[in-house]
Amino acid sequence: MQVNSKDFIPLVNLALDNNSLQASLGMLGKGLSFKRTAAVADFPEFDQLRDEARDIKDHCLQYLDIYLMKFEEQVTNKGGHVHWASNEGEAREIVLSLCQAENARTITKSKSMVTEEIDLVPFLEDHGLDAVETDLGEYIIQLRGERPSHIIAPAVHLSKSQVADTFFDQHSNLGFNEKLTERVDLVGEARQVLREKFLGADVGISGANFLVADTGTIVLVTNEGNAELTTAIPETHIVVTGIEKIIPTLEDASTFIRLLARSAVGAEISAYTSFITGPRREEDQDGPKNFHVVLVDNGRSEMLGTELQDMLRCIRCSACLNHCPVYLSIGGHAYGSVYSGPMGAVLTPQFSRLEEAKQLPNASTFCGRCESVCPVHIPLPKLMRHWRNKEFEAGLNPLSMRWGLRAWALLNRHPLLQHMLASLGIRILGLFGNKATGYIIKLPGLAGNWTKDRDFRTPPSTTFMSQWKTMQKNRQKKEV
Amino acid sequence: MSRTEILDRIRKKLAVDSEDKTRLQVVESRLANHLPNTIPSRCRQSHSDLVDLFQEKMEKAHGTVNRVNNDTDLGGEIMAYLGDGSFELCINVLEFELDFSAYSSVQTVEWTPRSSLDICISDCFGAVAETGSLVISSSKQMPLSFNFLGEKHIVLLKEDQIMGAYEDIWARTRNDMPRDITLVSGPSCTGDIEMIMEFGAHGPKELHIIIIGS
């Protein structure tokens with residue numbers, strides 16, 4: 001997985017200064033959180049289903065080897081093929097060789113985060129294949145050479161006029177020479193361009209939202225209908241998906257369908273939910289002759305039996321991003337990973353290296369909103385804390401932070417010392433305060449980083465502990 | 001090779017034995033029983049309420065719905081929806097007779113693979129009331145892409161085809177799953193530009209359902 005999370009802090013500063021991005025994030029934060037709340041309020045069974053969904057996923061992970069084999073058996077019985085990829089390199093090679101075996105030249109692709117994780121499309125393009133993303137958001141960022149900034153709304157960082165500029169630049173060679181201004185026209189132009197791609201494609205590549213072990217069915221969810229056109233028209237359909245997507249039965253799939261769109265965008269269901277089982281039947285008039293499923297591990301199995309196992313329940317709904325004060329301030333690109341927000345802060349260190357991604361689990365206020373909206377109860381703050389501990393254990397924090405944490409720990413073990421230093425500290429801080437306003441507006445040294453952006457309340461002249469003692473003494477006197 | 005490697009790694013991390021037959025039995029019995037989880041209470045009401053619920057939810061998802069008492073003039077109903085103009089209709093309907101002889105501006109075309117269409121008219125496998133979803137199933141008669149390649153899609157649905165919950169679909173299909181079952185809940189749409197919904201991303205821009213009473 002391509003990761004540049006080392007640049008997290010400079011990227012955050014860029015994001016905070018980017019007015020157009022801030023406007024987009026403002027719309028995202030208000031819109032989706034409000035819609036989710038309304039959808040949940042209108043669905044009394046929601047919490048019960050969340051508990052059940054968590055239990056289904058936990059059960060599947062406990063029997064993951066067997067469920068994967070059952071799924072494979074069913075796909076094979078129906079005439080499809082299952083391929084296993086231990087890492088991202090293997091996954092890319094499998095997909096390439098399947099395309100080459102069919103002499104494919106053109107590929108349509110519906111949205112899949114696993115294919116982003118394994119950098120599939122650039123790899124296929126490097127090998128001379130014409131692979132086009134068909135989800136509108138993915139298509140826009142493909143034209144711009146960007147990565148997704150959100151796991152379900154990949155172009156959410158862009159404004160309408162930026163999309164218009166991109167289409168004007170990139171579609172003129174196709175005979176579209178008018179600069180568009182209306183959203184409906186932009187959607188219409190993309191529809192025309194991509195319709196030709198759908199009708200001519202040799203191979204369709206999709207991800208999977210769920211894999212149903214009992215019937216060998218893959219479940220795909222979209223609003224645009226691009227997954228159906230990707231999977232029904234070409235002669236070959238290749239599914240690229242993570243091993244953790246397995247669920248037992250169609251009944252279980254029903255439970256997850258009820259949670260997914262409500263958690264993601266506050267809709268009761270997406271416009272299209274497809275259940276695909278094997279290749280074209282003899283009597284069918286369309287559908288692929290070749291049906292392949294590539295099961296990607298790429299670090300997932302290593303999470304089993306560890307604290308991180310809970311993260312394998314994730315259904316990629318994006319509720320944790322949509323409710324995260326950090327994500328909503330900096331957007332997805334600052335994370336330097338295709339997985340952003342709280343779920344990205346947990347997955348990225350696992351899928352790349354902790355050294356590379358150590359900043360991400362630190363980019364949390366631990367406010368807990370992510371966990372409270374997660375449809376499968378993933379304890380995201382706890383898992384970010386897991387990585388912070390690992391970071392400390394591996395000695396990856398800067399020396400100043402390590403000494404700072406040690407000093408903090410020492411003070412907390414020695415209350416007397418803490419009280420002495422605290423009363424000294426507030427006296428010094430008091431010297432910087434403005435008596436009239438009750439605020440400190442400028443502090444020297446490291447503390448200046450705080451007052452650079454906000455004021456600091458002048459502390460009272462005595463500490464809480466000494467005030468408490470005085471109160472207790474006075475009370476005793478009264479009682480006597 | 002990777003298959004063995006992955007499965008072995010999973011078992012090692014879970015600290016389980018591949019020879020352990022009881023684990024296999026747990027999975028096999030869960031699959032054999034395929035018990036439902038909680039089914040929303042809204043899915044279990046009288047059939048006439050389910051028909052109303054279907055209509056309400058489909059309209060909320062920006063599909064349009066028209067209810068008729070019988071199938072005597074479905075051609076007229078369809079033309080009333082389409083309004084004035086000339087149209088190319090591609091019809092894939094088994095259950096009903098459609099008569100457009102009174103409309104000179106209407107042409108019918110045959111479906112061919114990999115081609116775009118103007119107006120698609122079809123019947124369908126059924127519908128689910130809980131979210132106002134049509135159930136489309138690929139079959140000998142129904143290429144899945146037929147449902148996605150028109151500008152407008154008109155679907156004929158008999159009242160008694162409306163089920164309550166998703167689980168009701170599986171009761172009828174599990175043992176012989178078609179290649180594709182798609183739940184269609186409204187016209188094709190996208191919110192990918194500034195989070196504002198536009199219709200007709202890749203599939204039909206309009207979805208119209210005619211519910212035929214029994």
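Residue numbering restarts at 1 for every chain, and letters A, B, ... go by the order of the sequence lines.
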Do the ring planes of A:Y63 and A:H59 sit parallel (below 30°), tilted (30 to 60°) or perpendicular (above 60°)?
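Rings of A:Y63 and A:H59: tilted, as their planes differ by 30° to 60°.
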Specify whether A:Y272 and B:F148 have parallel, tilted or perpendicular ring planes, treating 30° as the upper limit for parallel and 60° as the lower limit for perpendicular.
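Answer is tilted, since the angle falls between 30° and 60°.
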Answer with side chain, backbone, both or neither: which region of [X] has an atom nearer than 4.5 Å to a non-hydrogen atom of chain B?
X: A:R195; answer: side chain
X: A:N87; answer: neither
X: A:E45; answer: side chain
X: A:I276; answer: both
X: A:L136; answer: both
X: A:V163; answer: side chain
X: A:A201; answer: backbone
X: A:P279; answer: backbone
X: A:L61; answer: backbone
X: A:E72; answer: side chain
X: A:E268; answer: both
X: A:L250; answer: both
X: A:I233; answer: both
X: A:S254; answer: both

What option among [options] has the most heavy-atom pairs under 4.5 Å with chain A?
options: B:L24, B:N175, B:L134, B:L14; answer: B:L14
options: B:S116, B:G191, B:G186; answer: B:S116
options: B:T38, B:D180, B:L7; answer: B:T38
options: B:A61, B:A15, B:S115, B:P178; answer: B:P178
options: B:L144, B:L207, B:N147; answer: B:L144
options: B:I39, B:L149, B:V16; answer: B:L149

Pick from [options] with the largest number of heavy-atom pairs that fall under 4.5 Å of chain B:
options: A:F198, A:F291, A:Y67, A:F46; value: A:Y67
options: A:K70, A:R281, A:H157; value: A:R281
options: A:A155, A:S159, A:A53; value: A:S159
options: A:K160, A:R258, A:E90; value: A:R258
options: A:G225, A:S274, A:G137, A:G200; value: A:S274
options: A:K78, A:Q162, A:Q62, A:R280; value: A:Q62

Where do A:A227 and A:L220 come nearest, in terms of heavy atoms and distance?
CB-CD1, 4.0 Å
Cationic N near anionic O, under 4.0 Å, [X] to [Y]:
X: A:D65; Y: B:K13; answer: no
X: B:R9; Y: B:E5; answer: yes
X: B:D168; Y: B:R44; answer: yes

Relative to chain A, which segment of [X] carries a heavy atom at a distance below 4.5 Å: side chain, backbone, both, or neither?
X: B:L35; value: backbone
X: B:K12; value: neither
X: B:S139; value: backbone
X: B:R11; value: side chain
X: B:E194; value: both
X: B:E28; value: side chain
X: B:I169; value: neither
X: B:S41; value: both

Find out whether [X] and [Y] are in side-chain contact, i.e. whether some heavy atom of one side chain is under 4.5 Å from a heavy atom of the other.
X: B:T173; Y: B:S137; answer: no
X: A:F275; Y: A:T215; answer: no
X: B:M195; Y: A:L32; answer: yes
X: B:L74; Y: B:V93; answer: no
X: A:E228; Y: A:T222; answer: yes
X: B:L82; Y: B:L89; answer: yes
X: A:I257; Y: A:V219; answer: yes
X: B:D118; Y: B:Q107; answer: no

To the nearest 0.5 angstrom, please state how far the CD atom of A:E133 sits from the OG1 atom of A:T108.
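Those atoms lie 10.0 Å apart.
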Inter-residue atom distance A:T217.OG1 - B:I181.CD1, 0.5 Å rounding:
8.0 Å
Is it the case that the side chain of B:D123 and the backbone of B:E95 share a donor-acceptor pair, with hydrogens and angles ignored and the cut-off at 3.5 Å?
yes
Between A:T249 and A:D252, a side-chain donor and acceptor under 3.5 Å
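Result is yes, a qualifying pair exists.
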Distance alone, cut at 3.5 Å: any donor-acceptor contact between the side chains of A:Q192 and A:E196?
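No donor-acceptor contact under 3.5 Å links the two side chains.
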